[in-house]
Amino acid sequence: MTSPEKEMSLLKEALLRWSQAYFEQDDPEVPDVEYDAAMRRLQALEAAHPEWATADSPTQRVGSAPLAAFQTVAHRLPMLSLDNAFSDTELVDFDRRVTEKLQVDVVEYCCEPKLDGVAVSLAYQAGQLVQAATRGDGSSGEDVTENVRTIANVALQLAGDNIPAYLEVRGEIVIPRMAFERLNARARESGDKVFANPRNAAAGSLRQLDSRVAARRPLSFTAYSVGVVEGQLPNSHSEVLRSLKRWGLPISEYMETVSGVAACGDYFSRLGAQRDALPFDIDGIVFKVNDLGLQERLGFVSRAPRWAIARKFPAQEVGTRLLGVDFQVGRTGAITPVARLEPVLVAGVTVSNATLHNADEIHRLGLKIGDRVIVRRAGDVIPQVVSVVPELDADAPPHNRESIVFPASCPACGSRVERAADGAVMRCGAGLECNAQLKAAIRHFASRKALDIEGLGDKLIEQLVDEGLVQSLNDLFHLDIGQLQGLDRMGVKSSENVFEALLRARSTSFARFIYSLGIREVGEATARALALHFLDLDSLLKATTEELEGVDDVGPVVADHIKAYTSNPLNQELLSSLIESGITWPAVQVDTGDGPLTGMLWVVTGKLLTMSRDEAEAKLRALGAKTAASVSSKTTTVVAGPGAGSKKKKAEALNIPVVDEEELIRTLGGRL
Ligand code: 5U1
């Protein structure tokens with residue numbers, strides 16, 4: 001019989017892991033009812049045994065009954081704002097002002113990314129979180145303590161030595177990009193409120209009067225300075241942040257100290273190059289004079305310190321005009337409205353198209369052709385239209401606005417378009433009979449990670465399908481050089497090359513073949529896991545949903561997609577015809593048990609500098625390791641490059657070793 005103390009500890013561990021899977025991986029490990037039951041059981045045990053209840057218990061983060069309104073909190077020390085520098089010259093001017101006033105040649109600066117979120121001040125009394133307030137106007141803000149208490153990475157109780165008797169910690173609350181995309185995707189599916197950007201989502205979540213709602217939002221805190229301190233702190237900004245970290249508060253992992261303004265410029269360029277790969281939106285870099293004594297000598301001008309500046313990046317949201325809407329048919333038949341825009345520079349890239357997601361989104365935006373719109377581009381996410389804005393010149397004659405009409409039939413094949421049972425997506429149900437879906441399927445089939453058919457590019461695929469030469473994936477293998485030569489821009493040499501590439505593509509691996517079929521949700525890692533598990537096509541085709549769920553990386557949804565594919569007679573016919581056309585692969589190499597990494601399961605995440613993630617995984621597999629796309633309790637090691645987000649956090653929560661690229665290279669024994 002487990003003791004209540006042991007049971008409480010097991011429940012705490014499980015609830016923490018489940019909430020991370022839910023928020024960060026969007027991959028719930030257990031149904032909500034099970035999560036709620038475990039939470040209630042832990043609450044009951046804590047009530048019966050308060051001596052074993054801990055301040056870091058998940059029960060402390062579930063939120064409480066809604067408030068009638070937020071109280072106003074006066075900040076004992078104002079929350080400052082920052083001056084901005086929009087060019088290198090303005091940054092150099094800032095440094096000149098600093099060095100002249102201090103009468104020194106070179107100053108040490110602390111550099112941190114400027115997160116684009118909501119600024120808050122957290123008050124700790126004897127190490128315990130007692131209040132959290134928004135910045136408001138800098139002098140007073142709103143009391144959001146109940147909501148902030150639900151944020152997983154905000155310490156409710158600081159731990160360690162020399163914690164000040166009273167400490168105000170200032171920082172930013174954000175929603176990481178991936179979590180934001182998932183939040184909005186779920187909202188779009190269920191018809192809930194969609195947020196324009198992660199900052200609005202963070203602000204909206206923090207202003208929930210019902211903290212139980214805030215508890216379900218993926219908020220994350222990063223500390224960047226302190227306010228009132230009753231106690232001793234180190235005398236440099238970077239050391240203050242390190243103290244906060246030791247006591248359990250998250251600080252930026254990109255924080256660095258540098259000497260002189262040229263090094264600040266270098267840091268700005270380095271982070272700028274990584275901006276798209278970072279897990280959260282940043283709108284600039286903050287440079288602060290690191291020595292607190294020097295900060296005091298520099299002082300303030302009105303509400304901004306003379307010792308800090310924000311060097312801004314180009315905006316991620318820019319205004320432009322909607323010129324028209326095209327409707328694209330994807331590989332799965334989903335019809336996506338795509339905005340055609342007056343080209344505009346967004347965060348350094350020219351954008352002329354943006355996704356409008358689906359018909360509901362157009363309706364929600366109240367969008368019409370001719371409207372002025374705000375476009376957002378962040379990270380690797382496809383640019384999006386986030387809102388319609390009023391005309392700049394309110395007196396201008398009204399614009400000719402034209403309604404956007406969603407097509408009733410597929411723009412590619414004319415089949416009826418239907419709303420998918422699983423949400424707001426409209427689909428053409430014609431499958432590979434629809435030329436747009438066939439073209440997308442061929443593009444995927446021929447792609448580098450699939451059959452890698454060199455020379456079979458978009459233009460050629462368009463012609464092959466439009467001319468009726470290819471009506472199924474298998475027709476590719478029955479093309480002759482003469483047919484290829486008859487096509488636009490296909491000379492003798494290029495036709496021979498494509499013909500030879502098609503010959504070569506017949507010899508592949510089982511994993512690539514599975515991936516090339518384009519089964520919904522079956523990416524490379526899943527295809528590899530399926531190949532290793534089933535070893536041959538017959539076994540895969542015969543597998544039941546339960547057997548499929550037994551494969552690493554395959555959950556119930558993916559298992560259903562695979563079963564739907566393998567039980568469709570048209571697909572079975574296609575697979576037989578491909579095999580008849582000579583597609584072969586060598587027997588799947590099962591773990592021989594003799595590699596130095598045999599028995600290990602690695603996950604590679606974030607950006608690597610010396611190789612791509614694919615290369616890293618291939619090298620690890622060559623040494624006997626298995627690799628997977630997601631972190632689970634079976635993972636043995638995670639390689640985390642810059643920008644690693646939820647996978648790294650999950651590994652840390654599960655106590656799985658996390659190594660950097662240097663360590664990876666050492667493990668590979670210098671095999672670069
Ligand atoms: N990283 C960072 N963001 N940020 C915002 N540091 C930082 N410092 C700020 C603000 C408003 O103000 C300082 C003057 C404390």
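Indexing begins at 1, ligand by ligand and atom by atom, following the structure's order. Since we're looking at a predicted model, the values are computed, not measured.
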Practice prompt. Report the nearest protein non-hydrogen atom to atom 14 (C) of ligand 1: residue, atom name, distance rounded to 0.1 Å.
Written response: Pro305 CG, 3.5 Å
Item to complete: May I ask you to check whether Phe268 and Phe313 place their ring centers less than 6.0 Å from one another?
Response: yes
Worksheet entry | Polar side chain donor-acceptor pair, His357 to Gln384, under 3.5 angstrom | yes
Response to the item:
Note: Ala304, heavy atoms under 4.0 Å from ligand 1, region reported as neither
Worksheet item: Quick one: which ligand 1 atoms are inside 4.0 Å of a heavy atom on Ser225?
Response: 15 (C)
Worksheet item: So which of Met255, Gln295, Lys114, Lys288 gets nearest to atom 6 (N) of ligand 1, if we judge by its closest heavy atom?
Response: Lys288
Worksheet item: Looking only at distance, does Pro113 have an N or O less than 3.5 Å from an N or O of ligand 1?
Response: yes
Worksheet item: How long is the span from the CG atom in Asn290 to the OG atom in Ser238, to the nearest 0.5 Å?
Response: 3.5 Å
Item to complete: Run the salt-bridge test on Glu256 and Arg270 with the 4.0 Å N-O cut-off and return the result as yes or no.
Response: yes
Worksheet item: Would Asn162 and Gln232 count as having a side-chain donor-acceptor pair, cut-off 3.5 Å?
Response: no
Practice prompt. Give a yes or no on whether a salt bridge exists between Glu230 and Arg76, defined as a side-chain N under 4.0 angstrom from a carboxylate O.
Written response: yes
Worksheet item: Can you list the atoms of ligand 1 that are under 4.0 Å from a heavy atom of Leu80?
Response: 11 (C)
Worksheet entry | Residue-ligand contact Ala119/ligand 1, heavy atom below 4.0 Å | no
Fill in: Selection from Tyr224, Tyr254, Phe300, Trp307 by shortest heavy-atom distance to atom 11 (C) of ligand 1
Tyr224
